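Quantities reported herein were computed from a predicted structural model and do not represent experimental measurements. Per chain, numbering begins at 1; letters A, B, ... match sequence-line order.
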2 protein chains.
Amino acid sequence: MTTNTVFRNRSVLIYGLSLALLMFLLKWLEWRFLVIDHATEIYAGCIAVLFTGLGIWLALKLARPKVQTVIVEREVIIRTDSFMLDEKQLEATGISKRELEVLQLMAEGLSNEQIAERIFVSVNTVKTHSSKLFGKLDVIRRTHAIDKARKLNLIP
Amino acid sequence: MTTNTVFRNRSVLIYGLSLALLMFLLKWLEWRFLVIDHATEIYAGCIAVLFTGLGIWLALKLARPKVQTVIVEREVIIRTDSFMLDEKQLEATGISKRELEVLQLMAEGLSNEQIAERIFVSVNTVKTHSSKLFGKLDVIRRTHAIDKARKLNLIP
DNA sequence: GCGGCACTCATACTTTAGGGTGATTTTGCA
DNA sequence: TGCAAAATCACCCTAAAGTATGAGTGCCGC
């Protein structure tokens, strides 16, 4: 492509652009007059569009949601071995009422202090009870006492 | 009450009614001029109201109905006499295999040292496991952990 | 009435459990 | 193959549990 061709093409381009601009201007003027002529209609149209939008927004915002209830089933495994205190074992081990009480609370995971609060005695008393309890169950740890007591049907 | 009085009263009534009518007429005229003066505003207002209504109608007619889902959990009780590990709970709590092992031995009443011997690790390791275990079960004592784990069907 | 037992409490001490931190190795999974 | 989680271990410290001993009170049965 020679330089000459480029120049000729540029002229064509400029000419085309000018033409396009002119037509655009004319169209714009035409549109302007249209706007002036139909000002009221356009005004009304704008309001219509605006308030239609408002109405839609209002409806969506305020519409009461339809409530749909979904029931989800959740499995709960419950062991139903009914506990019954073994009185004979209680007698055999020689565990007293109070000691059994402490043992039950122990099995629920309470600390000595919490047990003391629960049965309205001092921590020292709880310690004495548990010590004697351990002796009677022949264990040296509360966890072991709990396990053994359960196997003897002294606690659930 | 005499007839005279009635007549006099009727005159008063007619006079009053005429006055009221006149005032009403005047008010109406006033309002008419107001309407004429503000014709455009009233026109716009009518359009606004109309299209707001249209918008609401459109929205209600075309919009996908808003559905609010309410999930109701229904417990399905599964009764079982024999122990069966609740895998879901295990997953939910995030307790690992080793931690569960430690938990089981704990429940048998073993001390940390005994557990360490049993599973061939150091006491420190057992402590680490139990600490993490307590965190996952949201407890701070082994007895409480045992009780909770039993209730969650993690141990027999 | 008195001994025995259950219950209560205290003090002093030892042991065990539990928390916190940090580090290394294994392992399962993408 | 590389990363995250699990598993392993150590050290230090505090809190809780457990032991030992002694002592006071109230109840029951002989």
Between CD of Glu101(A) and C1' of dT8(C) the distance, given in whole Å, is 14 Å
* To do: For the pair Lys132(A) and Glu99(A), find out whether any cationic side-chain nitrogen is under 4.0 Å from an anionic carboxylate oxygen.
  => no
Next item on the list: With the side chain counted from C-beta on, respond yes when Leu110(B) and Glu117(B) share a heavy-atom pair under 4.5 Å apart, and no when they do not.
Entry: no
From CG of Leu103(B) across to P of dA6(D) the rounded distance in Å is 16 Å
- request: Could you tell me whether Arg98(B) and Glu101(B) make a salt bridge, using a distance below 4.0 angstrom between a side-chain N and a carboxylate O?
  value: yes
Judged by nearest nucleotide, the residue sitting upstream toward the 5' end of DNA chain D, Lys132(B) or Thr143(B), is Lys132(B)
Closest to the side chain of Asn124(A), out of dT11(C), dA6(D), dT16(C), is dT11(C)
- Message: Does dA10(D) have its OP1 or OP2 closer than 4.0 Å to a side-chain nitrogen or oxygen of Ser122(B)?
- Response: yes
Separation of dT15(C) atom C1' from Gln114(B) atom CD, nearest Å, is 13 Å
- Query: Under 4.0 Å between a side-chain N or O of Arg141(A) and OP1 or OP2 of dA17(D)?
  - Reply: no
Leu105(A) CG to dA16(D) C1', in whole Å, measures 17 Å
Which of dA10(D), dT11(C), dT8(D) is nearest the side chain of Thr125(B)? It is dT8(D)
Rounded to whole Å, the CE-C1' distance (Met106(A) to dA17(D)) equals 9 Å
- Message: Please determine whether the number of non-hydrogen atoms from other residues, nucleotides or ligands lying under 6.0 Å from atom CZ of Phe120(B) exceeds 12.
- Response: no
| message | Between the base of dC7(C) and the side chain of Thr128(A), is there a donor and acceptor pair under 3.5 angstrom? | response | no
Under a 3.5 Å cutoff, is there a donor and acceptor pairing between the side chains of Ser122(B) and Thr125(B)?
yes
Whole-Å distance, Glu99(A) CD to dC7(C) P, equals 6 Å
Between Phe120(A) and Glu113(B), the residue closer to the 5' end of DNA chain C by nearest nucleotide is Phe120(A)
Verdict with reasoning, Gln114(B) to Arg141(A), per side-chain contact (heavy atoms from CB on, under 4.5 Å):
CA-CA 12 Å; Gln114(B) 290 173 320; Arg141(A) 252 183 312 284; 2.8 Å; yes
### Query
Hey, does the side chain of Ser96(A) come within less than 4.0 Å of dC5(C)'s phosphate (OP1/OP2), counting only N and O?
no
Rounded to whole Å, the CG-P distance (Leu133(B) to dA17(C)) equals 14 Å
DNA chain C nearest-nucleotide lookup for Lys97(B) and Asn112(B): closer to the 5′ end is Asn112(B)
Of dA7(D), dG18(C), dC9(C), the nucleotide closest to the side chain of Arg98(B) is dA7(D)
In whole angstroms, the gap separating C1' of dT8(C) from CD1 of Ile115(A) amounts to 16 Å
The nucleotide from dA17(D), dT8(D), dC7(C) with an atom nearest the side chain of Arg142(A) is dA17(D)
inquiry  = Quick check on dG20(C): is either OP1 or OP2 less than 4.0 Å from any side-chain nitrogen or oxygen of Ser131(B)?
reply    = no
The nucleotide from dT19(D), dA7(D), dG18(C) with an atom nearest the side chain of Phe134(A) is dT19(D)
